[in-house]
Protein chains: 2
Amino acid sequence: MTRATAAIPAIKSSPGGGRRGMKPSVVAYKRERILAAASALIHAKGYEAATLDMVAEQLHVTKPFLYTYFRNKGDILAAICEVGVTESLSALDRVAQVPGTSFDRLRAALVEVADIIVHRHEYVVVYQREMMNLDRANAQRLIRLRHEFDLRIGKLIEACVEEGLIALPDAASMSVWIGGLLSWITYIYRPGGRRNREAVIQEVVGASLRMLGLDADGRLLVPQQRD
Amino acid sequence: MTRATAAIPAIKSSPGGGRRGMKPSVVAYKRERILAAASALIHAKGYEAATLDMVAEQLHVTKPFLYTYFRNKGDILAAICEVGVTESLSALDRVAQVPGTSFDRLRAALVEVADIIVHRHEYVVVYQREMMNLDRANAQRLIRLRHEFDLRIGKLIEACVEEGLIALPDAASMSVWIGGLLSWITYIYRPGGRRNREAVIQEVVGASLRMLGLDADGRLLVPQQRD
DNA sequence: GTGATAGGCTACTCTTGAGTAGTTTTTATC
DNA sequence: GATAAAAACTACTCAAGAGTAGCCTATCAC
C-alpha cells in the first residue's frame with residue numbers, strides 16, 4: 001500500500017487519534033480507501049465483473065492485502081451498500097433539531113438526503129443495483145435500515161399533516177414514492193455530466209413537495225376554481 | 001424441451017402460422033419460453049449468479065439447446081431488457097390515437113406504461129439492474145430506446161403546456177422524474193405482495209400528475225390564498 | 001424400411017477469479 | 001544493529017460456469 005501509506009499522515013490531525021497509537025484510525029482509513037476503489041470499480045463494471053485483483057491494482061496493492069481488512073468480497077459490498085442509508089439516517093437525526101415548523105424539517109430532510117445521494121453517487125448506485133448479491137444476513141440488515149428510513153420520512157410527513165400543513169389524504173404513504181424520487185437522482189445526475197448539482201437537488205425537492213400537494217415554500221396546492 | 005414441445009399446439013391457432021410450416025412461430029415461442037425462464041432466474045439471483053445450466057434445467061432442457069436459439073448469454077439478457085421499453089413505446093403509439101385533450105392522452109400514457117411495468121415486473125427489474133452487463137452495441141440500442149421514451153413523454157407534457165393545461169415552468173423536464181417514478185413501481189409492487197396492483201397504478205399516476213401541478217382530474221393546482 | 005436432416009444431448013475444454021498457505025519485507029523497540 | 005511483531009506479498013488451489021465438438025435420435029419423405 002505504498003501510496004496509501006504515504007497519504008496516512010493526513011490522518012494524524014484527524015479526531016480520534018488517541019495519545020497512544022493511531023492504529024484504529026489508520027485501519028479505518030485503509031478500509032475507506034478500499035471501499036472507495038471497490039465502489040468505483042463496481043459502479044463502472046458491476047459486482048461480478050469487478051475483481052478484487054483489479055481493486056488491489058488500483059490501490060497499488062495485492063489481493064491478500066484486502067483480505068486483512070475485509071473477510072471476503074461480500075463484506076466489501078455490504079460495507080459499500082451501507083454508506084448511503086447510514087449517512088441518510090444520521091442526516092435525519094441532525095434534521096430533527098432544526099427549529100421551525102414540521103415543514104421546515106421535512107424540506108431540510110429532503111435537501112440533506114438529496115445532497116448525500118449526489119455526493120455518494122457511486123455508493124448509492126452500487127447499493128441499488130447490487131444489493132441482491134449480499135448474503136442473507138447483510139441483506140436483512142440493509143433492508144431494515146432502508147425500512148427505517150422510509151418510516152422516518154413518513155413520520156416527518158405525518159407531523160406536517162398533524163400541524164395542518166399537508167392536506168393530501170394518506171400522505172404518509174407517499175414516503176416510498178419520495179424515496180423513489182430521491183433514488184432516481186442517481187440516474188439524472190452524474191458527476192461531470194451536463195446537469196448542475198444544485199439544480200437537480202432543487203428539482204427533486206420541488207417535485208417531492210408537489211407530490212405531497214405543496215409548493216416549494218410549503219403553501220398548500222389546491223385545484224384552481226373554474227371560471 | 002419435453003414440456004415446451006407438448007405446449008406447442010396452443011400456437012397452431014395463433015396468428016402468423018402460414019400454410020406451410022409453423023416453424024417461425026415455434027422458434028419465437030421457444031425463444032419466449034427461454035426468456036421467461038431466464039428473466040425469472042436473473043430477477044431472483046442476478047445476472048452472473050443465474051447460470052445457463054439453471055435456465056436449461058428449469059425448462060427441462062440442456063445448455064446447448066439454449067445456444068441454438070441465442071448466440072450467447074449476453075444476447076439473452078439484451079432480449080429481456082428490451083421487452084419493457086419496446087412495449088412501452090408501442091403503448092405510446094396506441095395512446096396517440098386516444099381522442100380528447102392532451103391531458104387525456106398524457107394520463108392514458110401513464111396508466112398504460114404503469115400497467116406494463118406491473119405486468120412485466122421481472123423483465124423491467126432485470127433491465128434496470130443488469131443493463132450494464134450488456135455489450136456496447138446492445139447497451140447503445142437500449143439507451144436510445146429509453147431516451148426516445150423520455151422524449152415522447154416530454155412531448156405529451158409539452159402538448160399539455162401548449163393547450164394551457166399545465167402551468168408549471170419547465171414542465172417537460174419533469175419527464176425524467178416521471179420516468180423515475182414509473183420505474184420505482186418495481187420496488188413498490190411485487191406480484192403476490194400485500195399491495196394491490198390497481199392501487200399502485202393509481203398512486204403513481206396521481207403522484208406523477210401532482211408533480212406536474214395537476215390533480216387526478218387534470219385540474220390545475222395553485223397555491224391556496226392565505227387568509 | 002431406408003436415408004437424410006433438424007433438433008437436441010453428452011461430455012468435454014478453458015478461463016477466470018475467490019480465497020489461502022507460507023514466506024519476505026518493513027517497522028518499532030531496545 | 002539485533003530481534004520481534006506486524007504488514008504485505010508470491011505463488012499457489014480449487015470451483016464454477018461459458019461456450020463447443022461431436023454424437024445420438026426422432027421424424028418425415030419416398
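Here the structure is a predicted model, which means the values were calculated and not measured. To find a chain, count down the sequence lines: A is the first, B the second, and so on, and within it residues start at 1.
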query = Knowing that exactly one of A:Thr186, A:Val85, A:Val83 qualifies, which makes a side-chain contact (heavy atoms from CB on, under 4.5 Å) with A:Val124?
reply =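 It is A:Thr186; the other options fail the test.
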
inquiry  = Tell me whether the side-chain N or O atoms of A:Lys73 pair up with the base of C:dG17 as donor and acceptor below 3.5 Å, since no angle test is needed here.
reply    =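 Absent.
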
For the pair made of [atom1] in [X] and [atom2] in [N], what is the distance, rounded to whole Å?
X: B:Lys63; N: D:dA21; atom1: NZ; atom2: P; result: 14 Å
X: A:Glu48; N: C:dT16; atom1: CD; atom2: C1'; result: 12 Å
X: B:Leu41; N: D:dG17; atom1: CG; atom2: C1'; result: 14 Å
X: A:Phe70; N: C:dG19; atom1: CZ; atom2: P; result: 13 Å
X: A:Asp53; N: D:dC12; atom1: CG; atom2: C1'; result: 13 Å
X: B:Leu52; N: C:dC9; atom1: CG; atom2: C1'; result: 16 Å
X: B:Leu77; N: D:dA18; atom1: CG; atom2: C1'; result: 15 Å
X: B:Leu66; N: D:dT20; atom1: CG; atom2: C1'; result: 14 Å

Would you mind telling me which of [options] lies closest to the side-chain atoms of [X]?
X: A:Tyr67; options: D:dG19, D:dC9, C:dT20; result: C:dT20
X: B:Pro64; options: D:dT20, C:dG8, C:dT20; result: D:dT20
X: B:Phe65; options: C:dA18, D:dG19, C:dG8; result: C:dG8

query = Is any NZ, NE, NH1 or NH2 atom of the basic residue among B:Arg141 and B:Asp135 found under 4.0 Å from an Asp or Glu carboxylate oxygen of the other?
reply =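 No, this pair does not count.
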
request  = Could you tell me whether B:Arg152 and B:Glu148 make a salt bridge, using a distance below 4.0 angstrom between a side-chain N and a carboxylate O?
outcome  =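 Yes, this pair counts.
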
request  = Give me the ring orientation class for A:Phe65 and A:Tyr69: parallel if the planes are under 30° apart, tilted from 30 to 60°, perpendicular past 60°.
outcome  =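 Because their plane-to-plane angle lies in the 30° to 60° range, the rings of A:Phe65 and A:Tyr69 count as tilted.
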
Can a side chain N or O of [X] be found less than 4.0 Å away from OP1 or OP2 on [N]?
X: A:Tyr69; N: D:dA7; value: no
X: B:Thr62; N: C:dC9; value: yes
X: B:Lys30; N: C:dG8; value: yes

Nearest non-hydrogen partners of B:Lys45 and A:Met132, listed with the distance =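 Scanning both residues, the minimum pair turns out to be C-CE, 3.5 Å.
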
